[in-house]
Number of protein chains: 2
Amino acid sequence: MIAGQLSESTEMYLKAMAELGEGEVVSISRLAERLSVTSVSANEMVRRLSEQGLVSHLPYKGVNLTSKGRDVACNVVRRQRLWECFLYNHLKLEWAQLYELACSLEHATAPEVTDALAVFLGNPKTCPHGNPIPDADGCLPELNSNPLSTVPVGDTVRVVSVRATSTEVLRHLQKLSLLPGREVTLLEAAPMDGPLMLKVGDREAALGLLMAEFVFVEPIS
Amino acid sequence: MIAGQLSESTEMYLKAMAELGEGEVVSISRLAERLSVTSVSANEMVRRLSEQGLVSHLPYKGVNLTSKGRDVACNVVRRQRLWECFLYNHLKLEWAQLYELACSLEHATAPEVTDALAVFLGNPKTCPHGNPIPDADGCLPELNSNPLSTVPVGDTVRVVSVRATSTEVLRHLQKLSLLPGREVTLLEAAPMDGPLMLKVGDREAALGLLMAEFVFVEPIS
DNA sequence: TAAAATGTTATGGTTGACCTTATTATTCCT
DNA sequence: AGGAATAATAAGGTCAACCATAACATTTTA
Ligand SMILES: [Mn+2]
Ligand SMILES: [Mn+2]
Ligand SMILES: [Mn+2]
Ligand SMILES: [Mn+2]
């Protein structure tokens, strides 16, 4: 952790909130699940965060980043995604591992390093998963993409970004070639929340609904 | 901190021991001072470290890295110095800040990242301060250099490396051009532990004895 | 050899971030 | 409206890493 800064835990809570809901309120239980802590712990932490003015908590409704909290979160996301670019483009590390590897580095990165890294990388606009990189001040631009799980059967769409975080899930998506830029046709949605049958390139693939939530797509222009 | 690894604190204690004495015992008070903790805290921590088999403590004599502890320490030093190379050569960050900036990153660096970074940098042999970078397995090679404070008056020597860690001290050494590769002549050693008068390039410089401990030099071949 | 300096241990405390179990409050749904 | 599900609090605990103050042990040095 960089001197005089927020703790790693604090940064992770704020980042999780930014990743879970863009601006919307997030329930503490979703937060707890995402961070692998009990909901009691998440409640305690949210209290601390709101005492610091980083989040606002409406009991029984959910938590919300304050503008101060959103600034911090965007900054963490920026650091992470810049590191992902470096790890992928220059160190040639495994695509599926990038999130995890960068998730440690992000908390140990001083502002000087962040800025110099952005310059070194040529101020990239997105990370290797297709997610936008917030710029030095403001926050991330909104993309008009939707999860693959919401696409009607028969449509052909293009993968914009992948928002999974677990190396295991990312490895699986990679195996199915569900990578940014790919065209995908939704052939069938099996009943009872069964898997989506997809055509990716010239192969067919079956994708569980939960994983389909992570794959963001846009209509082909 | 990387999953399932030692804490940042543990790594810093081990690194401090490696930096303070190469193989020799180090007194707990020196350790405490270097890490800016009280000697009571350092004693407690040393107990924990020796329970983990990372150091051995001979009461009233000092602490010693075990071979397990030395392995860890070398690895931390390797990570740090590799990051220093990256921050200096690629991100063009300020020389005097490198130690501090890399000191955060070192604890957040997974083995995959360390290895790939070394390859990316072309397996450098030394950091920008002239200190050797341990290789992936073994430890650092011994250099035959001595602190500037031990050089006889009249000698001309070459700076091999600078072992200071504080940005402030490093900035000062940089201002005096006491950088690796530079030739230095010791003109005079003032009495009562007064400063050393040096000729560095075509300028004269006064250097306190304490800072002279950080500047390692070798005879000119 | 005795006093000074240095090193160690004992006690008791703090803080952040976790945990479990149990209870209470609110919201959602039938 | 009432029960189920969900959310929040309360109470008590753990663990790593720090702190201060005080007592005790050893080594150094005069
Ligand atoms: Mn992280
Ligand atoms: Mn990414
Ligand atoms: Mn460090
Ligand atoms: Mn260095």
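Order of the sequence lines fixes the chain letters, A, B, ..., with proteins taken first and strands second; residue numbering starts at 1 for each chain. Predicted, not measured: the structure shown is a model, and the values here were computed from it.
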Regarding A:Thr167 and A:Gln97, is there a side-chain donor-to-acceptor distance under 3.5 Å anywhere?
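There is no such pair (donor and acceptor under 3.5 Å, judged by atom type) between the side chains of A:Thr167 and A:Gln97.
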Does a donor on one side chain and an acceptor on the other come within less than 3.5 Å for B:Ser56 and B:Asn64?
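No.
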Can you tell me if [X] touches the phosphate of [N], counting only side-chain N or O atoms and a distance under 4.0 Å to OP1 or OP2?
X       : N      : value
B:Arg48 : D:dA16 : no
A:Ser7  : C:dA17 : yes
B:His57 : C:dG7  : no
A:Ser9  : C:dC18 : yes
B:Ser27 : C:dT6  : no

Interatomic distance, [X] [atom1] vs [N] [atom2] [rounded to whole Å]:
X       : N      : atom1 : atom2 : value
B:Tyr60 : D:dA25 : OH    : C1'   : 3 Å
A:Lys61 : D:dA8  : NZ    : P     : 11 Å
A:Gln5  : C:dG16 : CD    : P     : 17 Å
B:Leu35 : D:dC19 : CG    : C1'   : 15 Å
A:Arg47 : C:dA17 : CZ    : P     : 11 Å
A:Leu31 : D:dA8  : CG    : C1'   : 14 Å
B:Met12 : D:dA17 : CE    : C1'   : 14 Å
B:Leu49 : D:dA17 : CG    : C1'   : 12 Å

I want to verify a distance call: between [options], whose nearest atom is closest to the [X] side chain?
X       : options                : result
A:Tyr13 : D:dA16, D:dA8, C:dC18  : C:dC18
A:Val37 : C:dT26, C:dC19, D:dA20 : C:dC19
A:Glu44 : C:dC18, C:dT27, C:dT20 : C:dC18
B:Met45 : C:dA17, D:dA17, C:dG7  : D:dA17
A:Ser29 : C:dT8, C:dC19, D:dA7   : D:dA7
B:Val40 : D:dA20, C:dC18, C:dT26 : D:dA20
A:Asn43 : D:dT9, D:dC19, C:dT8   : D:dT9

Side-chain contact, heavy-atom cut-off 4.5 Å: B:Leu82 with B:Phe120?
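No - every pair of side-chain heavy atoms lies 4.5 Å or more apart.
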SB check B:Glu213 B:Arg163 (cutoff 4.0 Å):
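Salt bridge absent between B:Glu213 and B:Arg163.
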Which atoms form the tightest heavy-atom contact between B:Ala73 and B:Ala18, and what is the distance?
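Looking at all heavy atoms of both residues, the closest pair is CB-CB, 3.8 Å.
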Sugar-phosphate only, base, or nothing, as touched by A:Ser41 at under 4.0 Å among non-hydrogen atoms
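Answer is base: heavy atoms of A:Ser41 come under 4.0 Å of a base.
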Given A:Arg79, which partner from the list A:Glu106, A:His107, A:Glu11 fulfils the side chain to side chain donor-acceptor pair (under 3.5 Å) test?
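For A:Arg79, the side chain to side chain donor-acceptor pair (under 3.5 Å) test succeeds with only one of A:Glu106, A:His107, A:Glu11, which is A:Glu11.
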